[in-house]
Amino acid sequence: MPGRGELLIWFLRWSRKNQTGKDSLHQVPPPPLCERGARGDFGWGTRSEERRVCMPRGYDFQRIEAKWQAQWEAAEAFAVREDPARPKYYCLEMYPYPSGKIHMGHVRNYTIGDVVARYLRMRGYNVLHPMGWDAFGFPAENAAFEHGVHPARWTLDNIAYMKSQLKRMGFSYDWAREVTCCLPDYYRWNQWFFLRLLERGLAYRKQSPVNWCDRCQSVLSNEQAEGGVCWRHTETPVAQKELSQWFLRITAYVEELLADGEKLAGWPERVRVMQRNWIGKSVGAEVDFALQRGGSLRIFTTRPDTLCGATFMVLAPEHPLALELSRGTSQAEAVAAFVARMRQTDRSLRTDAAAEKDGVFTGAQAINPLTEEPIPIWVANFVLMEYGTGAIMAVPAHDQRDFEFARKYGLPIRLVIQPDGSDSLDAAPMEAAYEGEGRMVHSGRFDGLASQAGKEAVCDALERQRIGQRAVNYRIRDWLVSRQRYWGTPIPVIYCDACGIVPVPDRDLPVILPPDVEITMSGGSPLARVETFVKTACPRCGGPARRETDTMDTFVDSSWYFLRFTSARETARPVDPAKVGYWMPVDQYIGGIEHAVLHLLYARFFTKVCRDLGLTAVGEPFSNLLTQGMVCKESSRCPEHGYRLPAEVDKAGRCTTCGLPVEVGRTEKMSKSKKNVVDPDELLAEYGADTIRLFSLFAAPPEKDLEWSDDGVQGAFRFLNRIWRLVDERPELLRAAEGKRWSAGQPEEAVRSLRRATHQAIGKVTRDLEDAFHFNTAIAALMELAGALVRFLDQLPPGSAAADGPPDRLLAFAEAVRALVVMLAPFAPHVAEELWESLGESESIFRQRWPEADASLAMEEALEIVVQVNGKVRGRLQVPRGTPEAALRRLALEERRVRQWIEGRTVHKLVVVPDKLINIVAGS
RNA sequence: GCCGAAGUGGCGGAACUGGUAGACGCGCUACGUUCAGGGCGUAGUGGGGGUAUCCCCAUGGGGGUUCGAGUCCCCCCUUCGGCACCA
């Protein structure tokens, strides 16, 4: 097998050779140097010449960020290895598709993860924080088709650029563990997994109707075709095609996926619900209805208790009996016409809930097994062949769809369930089906049973008579993994005329994706046209054979990449079980909600397979899941030129091209098509990574949508400048604090007050990060501490006089500054490192332990107690903490304003909440 | 239609187990700064009334529980998200 580097070179040589026109799509210019440059300089504009000379420059984020990124890289600051002595923490963000450049969604996602990783390192955890590339996929082929760039070249160029962007954001990844799915050292293990699944009957080939997206020129899994549209091109409806394809048997794990899913306490409720809905378990029975002409018709129902109310039956138009039953009857022509019409109707249109019920009588009758009455068999649009048996018993009194159908075609409605506490429900005047539970009526020997007991009793009877049995149905289907695409993992299977389907032997892995290929975006799998790839020898008989030319769904890659990160350079097997054992499960997974049923369901399935293969002990990959909100911005639209970029609109809100006023649209997810995007590169040049990070954390809690605001970014930048000045403006104070000791007595109020602010901030920030990820309020607490520091400095004598003052002042100041800088570090790591160094520290701030709040120092001494009269605030008392209740009552009743409010009234009651408030209940 | 989440100043958002609604930031206003601009600093900033001590109203709307409700309960409205003929 070629090595990683070897293959890369090979691809690049190939692409240079084959390049037409542009050499590369990614002649991306270096980030523009903003003319405004390091804005922090302005802070010094009016300072004295003396200061300008002796002080360092202002907050020069470009220099600082480059400096610390280089230091982290040189020191391999974020490289980790297993260490049983320390608690581990695996922090993972969903890896990106290398589409070209990172977007603000990535910035937000990865900033959240980075704060978690950096914070937990400072709390003493051994933190695994890796990053990689979801590098196979359709857009690379699109680029190849449109621009003549080889998918490998395009992908690897994009990765190189995006990696540089992630580094410039200061994210603390262990890059030694980087995985790139499109390289054989990764995808060979996809093939290895496929072979293991094949051995266990969990991979199989089947002919069936499948989803086809014309723009992808490929089939899709059900999950990727949700709602009848392609997940990548939501404007493209998927078509149905009858094809022979490879499937993974996710349904073999469905009960486990369901049961374990309910136990995922660290997942958002809505994701669990979406997965539960997707799996769509329903419990009921399969029942054979005898046909009057002989034979039987099997149906699935979740309501065996309503069996006596079945007054007709309905077949899906594709049901094999539909045409057959009508043959020879007067309905034959009508049924044939109806079935033909349904075949032509677009499937998503036909299955739209809003579509009217439509059907036709087959001319045949079945026998209700309980009532033994003949009932007519119909064919209708609303019954789906893919679900259950493709046929239903219709109980119009207790199923709304059946009810509507019965009313439209004048079919009988027979009430067999009375709602609890009522016996008045009557079929004739019903306007809607009663779908709830109740008591069985008109059901012969079952009369009087409650629905639940009735279901059991009917099932027992059916099983005794051998005309039915209990059954469970699921909405979820097996995972279709074949793709008619080039840029994916070749499916390691060979077709031999003599031996049939033959798996590629493990020793022949990887089946390498051949570099020489023509991407035409039509006419099936590109690999099918690469003869050197297709033609091979059968591993079993040695005779001429053909390779499978489809590749795997790229969701296979992402189904186990989190396992690979634990042992990314393992060459003998997909992962090292010992390393997986140390790191798994992922403690915190962070990504977008759009993968609620796609990636997150597949990954859970794959993890269970890996467990059964002995590669991991865990059955669930992600203990905690955070689904971050979208990054939004208002869009602008020019009546002449359509959507406009922010830069194409001037300050007065006019289009820079034509001068017409633009229409400001609503705030919505940033997207290229709406042009309401901001470019991370421009922000990096203008404000630096720390400001971007700080703003995207401060503007909204992580799980909510974030509205991008240029003014808000300014605010974050101002805050960092403020802290910079705070530390940098009075170095003599910090120097003077060194070696000093706290004096013995009670310090002055200014010192107590600053220490109180410091320890309150430590408590608040720590709680906000521990309990839930309340980054926005944690940053607010840092801003408050900065405010307290400014107020403290204002009270000090100017110049060097302060340095000669009492040591407590200097110590309190140093304590506050150090706490502020340390707590700032996870959010704005570069500036924190730089300030930490300027405080005289030689070691990285990330080797610093997180500060501990001293509760006794944080405690407020004087309290303001609110005095209410009948629930309204009428006065305030300043009292020392712990003032006895009796004294509080007396003070409250004596308060000037309170006296006015209770004068002439009787005080009925006094509610005292210690150290909080007093409410005086007074009558008139 | 069903299920879920959420509605708080001009804006983004705070508010622990019911206990001072509006932290923090943005914006805005005034003032300061040897002040062109920008930057920085100080003060103010939910609405209404009053010269003022102060008063009234206010967390989508309406009821309720409670000494006390943004927070708990019921009904309604709106927005967003998910599911949507799944038998």
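Chain identifiers are assigned alphabetically (A, B, ...) following the order of the sequence lines, protein sequences preceding nucleic acid strands; residue numbering begins at 1 within each chain.
Spacing of C1' atoms, B:A84 relative to B:C3, comes out at 11 Å, to the nearest Å. If you take atom P in B:A58 and the same atom in B:U71, they sit 13 Å apart, rounded to whole Å. The C1' atoms of B:C2 and B:C85 are separated by 13 Å, rounded to the nearest whole Å. Comparing B:G22 with B:C75, their P atoms are spaced 32 Å from each other, to the whole Å. Atom C1' of B:G61 sits at a distance of 31 Å from the matching atom of B:G50, rounded to the whole Å. With both ends at atom P, the span from B:C72 to B:U59 equals 15 Å, rounded to whole Å. Taking the C1' atom of each, B:C28 and B:C11 are spaced 11 Å apart, rounded to whole Å. Rounded to a whole angstrom, the distance from the C1' atom of B:C74 to that of B:A23 is 32 Å.
Between the side chain of A:Glu864 and the base of B:U20, at least one donor-acceptor pair of N or O atoms lies under 3.5 Å. Counting atom types as modelled, A:Arg876 pairs a side-chain N or O with a base atom of B:U20 as donor and acceptor under 3.5 Å. Taking 3.5 Å as the limit, the base of B:C26 and the side chain of A:Asp711 contain no donor-acceptor pair of atoms between them.
Rounding to whole angstrom units, CH2 of residue A:Trp901 and P of B:C67 are separated by 21 Å. When rounded to the nearest whole Å, the span between CZ of A:Phe719 and P of B:C26 equals 11 Å. Protein atom CZ of A:Arg718 is 9 Å distant from nucleotide atom P of B:G41, rounded to whole Å. Distance A:Glu404 CD to B:A84 P: 18 Å, rounded to the nearest Å.
Classification of A:Glu255 and A:Lys281 as a salt-bridged pair holds, one side-chain N sitting under 4.0 Å from a carboxylate O. We find that A:Asp705 and A:Lys669 are not joined by a salt bridge, their nearest charged nitrogen and carboxylate oxygen being 4.0 Å or further apart. The pair A:Arg407-A:Glu404 does not count as a salt bridge, with every side-chain nitrogen at least 4.0 angstrom from each carboxylate oxygen. A:Glu895 and A:Arg899 are not joined by a salt bridge, as no carboxylate oxygen comes within less than 4.0 angstrom of a charged side-chain nitrogen.
No contact: A:Trp708 has no heavy atom under 4.0 Å from any strand. The residue A:Val790 sits close only to the backbone: its heavy atoms come under 4.0 Å of sugar-phosphate atoms, none of a base. Note on A:Arg270: only backbone sugar-phosphate atoms sit closer than 4.0 angstrom, heavy atoms only; bases stay farther off. Looking at heavy-atom distances under 4.0 Å, A:Gly715 makes contact with sugar-phosphate atoms alone, never a base. Using a 4.0 Å heavy-atom distance criterion, A:Arg791 is classed as making no nucleic acid contact. Across all strands shown, A:Glu707 has heavy atoms under 4.0 Å from sugar-phosphate atoms exclusively, and none from any base. A:Val921 comes within contact range of the sugar-phosphate backbone alone, with a heavy-atom separation under 4.0 Å but no base atom that close. Among the protein residues, A:Asn381 comes within range of the nucleic acid bases, having at least one heavy atom under 4.0 Å from a base atom. A:Ser282 comes within 4.0 angstrom of the backbone, heavy atoms only, and of no base.
Using the Watson-Crick or G-U wobble rule with both distances under 3.5 Å, B:C16 pairs with nothing in any strand shown. With a cut-off of 3.5 Å on both Watson-Crick or G-U wobble distances, the partner of B:G81 is given as B:C3. Across the strands present, B:G70 finds no partner; the criterion is a Watson-Crick or G-U wobble pair with both atom distances under 3.5 angstrom. If you check B:A21 for Watson-Crick or wobble pairing at under 3.5 angstrom, you find it has no partner at all. With a cut-off of 3.5 Å on both Watson-Crick or G-U wobble distances, the partner of B:U59 is given as none. Across all strands shown, B:G41 forms a Watson-Crick or G-U wobble pair with B:C31, both key distances being under 3.5 Å.
With hydrogens and angles left out, the side-chain atoms of A:Glu437 and A:Gln452 include a donor and acceptor closer than 3.5 Å. A:Ser451 and A:Asp305 are linked by a side-chain donor-acceptor pair at a separation below 3.5 angstrom, with hydrogens and angles left out of the test.
Among B:A87, B:C24, B:G19, the nucleotide with an atom closest to any side-chain atom of A:Val911 is B:G19. Set against B:A87, B:G41, B:C24, the side chain of A:Arg725 has B:G41 as its closest nucleotide. Taking only side-chain atoms of A:Glu784, from C-beta outward, the nucleotide of B:A87, B:A23, B:G19 with the closest atom is B:A23. Closest contact between the side chain of A:Pro701 and the listed nucleotides B:A23, B:A14, B:C85 involves B:A14. When distances run from any side-chain atom of A:Lys704 to the nucleotides B:G13, B:A87, B:C55, the shortest one goes to B:G13. Nearest nucleotide to the side chain of A:Leu917, out of B:G19, B:U42, B:G13: B:G19. Closest approach to the A:Met783 side chain among B:G25, B:A14, B:C85 is made by B:G25 (side chain taken as heavy atoms from C-beta onward). The A:Val866 side chain lies nearest to B:U20 when the options are B:A87, B:A84, B:U20.
Atom CD of A:Glu262 has more than 12 neighbouring heavy atoms from other residues, nucleotides or ligands inside a 6.0 Å radius.
In this structure, B:C80 is classed as anti because its glycosidic torsion departs from zero by more than 90°. Taking the O4'-C1'-N9-C4 or O4'-C1'-N1-C2 dihedral as appropriate, B:G9 has a value within 90° of 0 and is therefore syn.
An OP1 or OP2 oxygen of B:U66 is reached within less than 4.0 angstrom by no side-chain nitrogen or oxygen of A:Lys909. Distances shown here put every side-chain N or O of A:Asn776 at or beyond 4.0 Å from the OP1 or OP2 atom of B:C24. For the OP1/OP2 pair of B:C55 and a distance below 4.0 Å, the side-chain nitrogens and oxygens of A:Arg897 include at least one atom meeting the criterion. Close to B:C54, at under 4.0 Å from its OP1 or OP2, lies no side-chain N or O of A:Arg874. For B:G41, the OP1/OP2 oxygens have a side-chain nitrogen or oxygen of A:Arg722 closer than 4.0 Å.
Summarising the geometry, atom CE belonging to A:Met393 is positioned 9.5 Å from atom CG belonging to A:Asp399; distances are rounded to the nearest 0.5 Å.
For the pair A:His595/A:Thr627, no side-chain contact is recorded, criterion being any heavy-atom separation below 4.5 Å from C-beta on. In this structure, A:Ile920 and A:His908 have side chains that are not in contact, with every pair of non-hydrogen atoms separated by 4.5 Å or more.
Taking the nucleotide of RNA chain B with the nearest heavy atom to each of A:Thr777 and A:Val913, the more 5' of the two is matched to A:Thr777. Taking the nucleotide of RNA chain B with the nearest heavy atom to each of A:Leu706 and A:Met274, the more 5' of the two is matched to A:Leu706.
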